[in-house]
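Numbers here simply count residues along the sequence, with the first being 1.
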Amino acid sequence: MKEYILAIESSCDDTSAAVLKGTTILSNVIANQDVHRLYGGVVPELASRAHQQNIIPVVDAAIKRANIQKNQICAIAYTRGPGLLGSLLVGSSFAKAFALAMDIPLIEVDHTNGHVLALFAQDENPTEVPEFPFLCLTVSGGHTQIMKVNDYFDLEIIGKTIDDAAGEAFDKAAKIMGMPYPGGPVIDKFAKEGNPKAFSFSRPNIPGLDYSFSGLKTSFLYFVRDRLREDPDFIEKNKYDLCASIQGEIIEMLMKKVVLAAKQTRINHVAIAGGVSANSGLQEALRAAGKKYHWKVFIPKFKFSTDNAAMIGVAGYLKYQRGEFANQTMTPYARSTYKDDK
Ligand code: KG4
Ligand code: ZN
């Protein structure tokens, strides 16, 4: 029986394929692209070439791990955007060809929407899911938004960054300290050994529910540069405290607006999503705020928080149920299509 969804994610530097039955993830294979480490950031041309090399083996592994045959797949979902165009083209071309060859429907998924729907992904250990409407702080390398999630595909952006994303702030701070890309996981690890109050950096004063992270990055850059003049080993000697302090600042900035959003909307189901939601300090801060303000909090499982095809598959399954299919002429988009998005 045709009852499985195959999902493809290729928006940035991870090639991923997943197989789902309903919202249950049977396999979720991710090929990371180490080639970018040498350059301290994602090189778009190299990313699309690596996707080309990875896509067939990754899909093959996802189907094998799910222990199904490809003719049992009832639809293929793929990330249409936002992301790097060259990368998106690989996944979307593959999905279109697969849909044609297998004579099954094609489903396009928005990447950010996918991150939010990662909260609904199930595996062998069932997860409790939020009720609509809920608030979701969606934080990744490309986005920082507070969303009022009215329904699976009805995301209302009520706050957003006016410049850098939170993930970029982590990545840029790591780069300043000479740490590898992506910086978030490295800072997270070192921060556990450090004192978040050791150093402080200038914080912006942005009204309402919006964010700004570019000033923090500049303040961090100047701070480190000045200290290095006095002591060339400053970073090495203080890396734990530096990581804990910059992470602490980012988390405080993020949480302050989430608390305000919950007060303004009187919504008490509060979630985080996107790559930065893997941050242990942010998770702890959300749980603490949940206790303090009597929220019910939701955090996606680690394997579904950074870029992965399982989250695209959850969106794909929900669209499949609604009969919302794409066609062969739909082109990828690089920038977010949400109203009011940056
Ligand atoms: O969602 P994602 O995988 O890709 C985008 O859609 O951008 O997010 C990647 C971002 C990177 O900036 C990375 O440094 C950050 O998520 N990230 C983290 C952690 N894991 C990934 N940031 C802080 N702490 C982490 N543990
Ligand atoms: Zn992402």
Side-chain angles (χ1 to χ4, degrees), residues 5-18 20 23 25 28 51 75-96 99 105-121 129-130 132-161 165 167 271-277 300 304-342:
I5 303 272
L6 173 65
I8 309 289
E9 154 63 35
S10 73
S11 65
C12 190
D13 60 339
D14 295 307
T15 320
S16 180
L20 294 85
T23 53
I25 316 301
N28 184 33
H51 283 305
I76 180 161
Y78 71 99
T79 305
R80 185 174 172 200
L84 301 170
L85 269 187
S87 292
L88 292 163
L89 275 169
V90 178
S92 67
S93 306
F94 178 89
K96 286 178 181 180
L106 181 66
I107 300 167
E108 51 105 21
V109 174
D110 179 88
H111 180 80
T112 315
N113 206 150
H115 272 303
V116 175
L117 297 185
L119 290 157
F120 296 85
V129 299
F132 300 116
F134 65 92
L135 290 179
C136 187
L137 172 70
T138 310
V139 264
S140 71
H143 288 87
T144 297
Q145 300 157 329
I146 302 177
M147 295 167 159
K148 181 167 166 255
V149 185
N150 298 313
D151 193 12
Y152 297 116
F153 300 102
D154 181 0
L155 314 178
E156 212 180 298
I157 296 170
I158 57 173
K160 63 182 187 308
T161 181
I272 50 177
V276 181
S277 74
F304 304 138
S305 58
T306 50
D307 287 352
N308 68 88
M311 66 188 199
I312 302 303
V314 173
Y317 167 71
L318 294 165
K319 285 195 165 185
Y320 181 76
Q321 279 194 314
R322 297 170 179 213
E324 285 179 23
F325 302 134
N327 62 50
Q328 290 281 337
T329 59
M330 284 180 172
T331 49
Y333 51 87
R335 296 187 65 80
S336 172
T337 54
Y338 289 112
K339 216 163 59 116
D340 293 334
D341 198 2
K342 90 162 177 142

Chemist: Where does the angle between the aromatic ring planes of F134 and F120 fall among parallel (under 30°), tilted (30 to 60°) and perpendicular (over 60°)?
Modeler: tilted
Chemist: Grab the two heavy atoms, one from A75 and one from I107, that are nearest each other, plus how far apart they are.
Modeler: CB-CD1, 3.8 Å
Chemist: Do V314 and L20 make a side-chain contact, defined as non-hydrogen atoms from C-beta onward lying under 4.5 Å apart?
Modeler: yes
Chemist: Do D13 and L84 make a side-chain contact, defined as non-hydrogen atoms from C-beta onward lying under 4.5 Å apart?
Modeler: no
Chemist: If every non-hydrogen atom of N28 is compared with every non-hydrogen atom of S16, which pair is closest and at what distance?
Modeler: OD1-OG, 3.7 Å
Chemist: Specify the closest pair of heavy atoms between K319 and E108, including all atoms of both residues, with the distance to one decimal.
Modeler: NZ-O, 2.9 Å
Chemist: Any sub-3.5 Å donor-acceptor pair from S92's side-chain atoms to R80's backbone N or O?
Modeler: no
Chemist: Is a side-chain donor-acceptor pair under 3.5 Å present for S11 with H111?
Modeler: yes
Chemist: With under 30° as parallel and over 60° as perpendicular, where do the rings of F325 and Y320 fit, or are they tilted in between?
Modeler: tilted
Chemist: Side chains of Q145 and T138 only: does a donor on one sit below 3.5 Å from an acceptor on the other?
Modeler: no
Chemist: Does some side-chain heavy atom of M147 sit less than 4.5 Å from a side-chain heavy atom of T112?
Modeler: yes
Chemist: From L155 CG over to H115 NE2, what is the distance, rounded to the nearest 0.5 angstrom?
Modeler: 12.5 Å
Chemist: Under the side chain to side chain contact (heavy atoms under 4.5 Å, CB included) rule, what do T306 and D14 come out as? Steps first, then yes or no, please.
Modeler: CA-CA 9 Å; T306 50; D14 295 307; 5.7 Å; no
Chemist: Please tell me if the side chains of I25 and F304 come closer than 4.5 Å, counting only heavy atoms from C-beta onward.
Modeler: yes
Chemist: Return yes if a side-chain donor-acceptor contact under 3.5 Å exists between Y152 and N113, otherwise no.
Modeler: no
Chemist: Check L89 against P332 and note the closest heavy-atom contact, atom names and distance.
Modeler: CD2-CG, 3.9 Å
Chemist: State, yes or no, whether a side-chain contact exists between K96 and L106 at a heavy-atom distance under 4.5 Å.
Modeler: yes
Chemist: Is there a side-chain contact between L117 and F153 in this structure, where contact means two heavy atoms from C-beta onward sitting under 4.5 Å apart?
Modeler: yes
Chemist: Determine, step by step, whether D110 and Y333 satisfy the side chain to side chain contact (heavy atoms under 4.5 Å, CB included) criterion, reporting the C-alpha distance in whole Å, the side-chain angles of both residues, the deciding distance to 0.1 Å, and the verdict.
Modeler: CA-CA 9 Å; D110 179 88; Y333 51 87; 2.7 Å; yes
Chemist: Let me confirm one number: the SG-CD1 distance from C136 to I146, rounded to the nearest 0.5 Å.
Modeler: 10.0 Å
Chemist: Can you list the residues that meet the salt bridge (Lys or Arg N to Asp or Glu O under 4.0 Å) rule with E156, with sequence neighbours excluded?
Modeler: K148
Chemist: Atom CD1 in I76, atom CD1 in I312: separation rounded to 0.5 Å?
Modeler: 12.0 Å
Chemist: Please name the pair of heavy atoms, one in H143 and one in P82, separated by the smallest distance, quoted to 0.1 Å.
Modeler: CE1-CG, 3.8 Å
Chemist: Nearest heavy-atom pair of I8 and G91: which atoms, and what distance?
Modeler: CG2-CA, 3.9 Å
Chemist: Going by heavy atoms in the side chains, are F132 and V149 under 4.5 Å from each other?
Modeler: yes
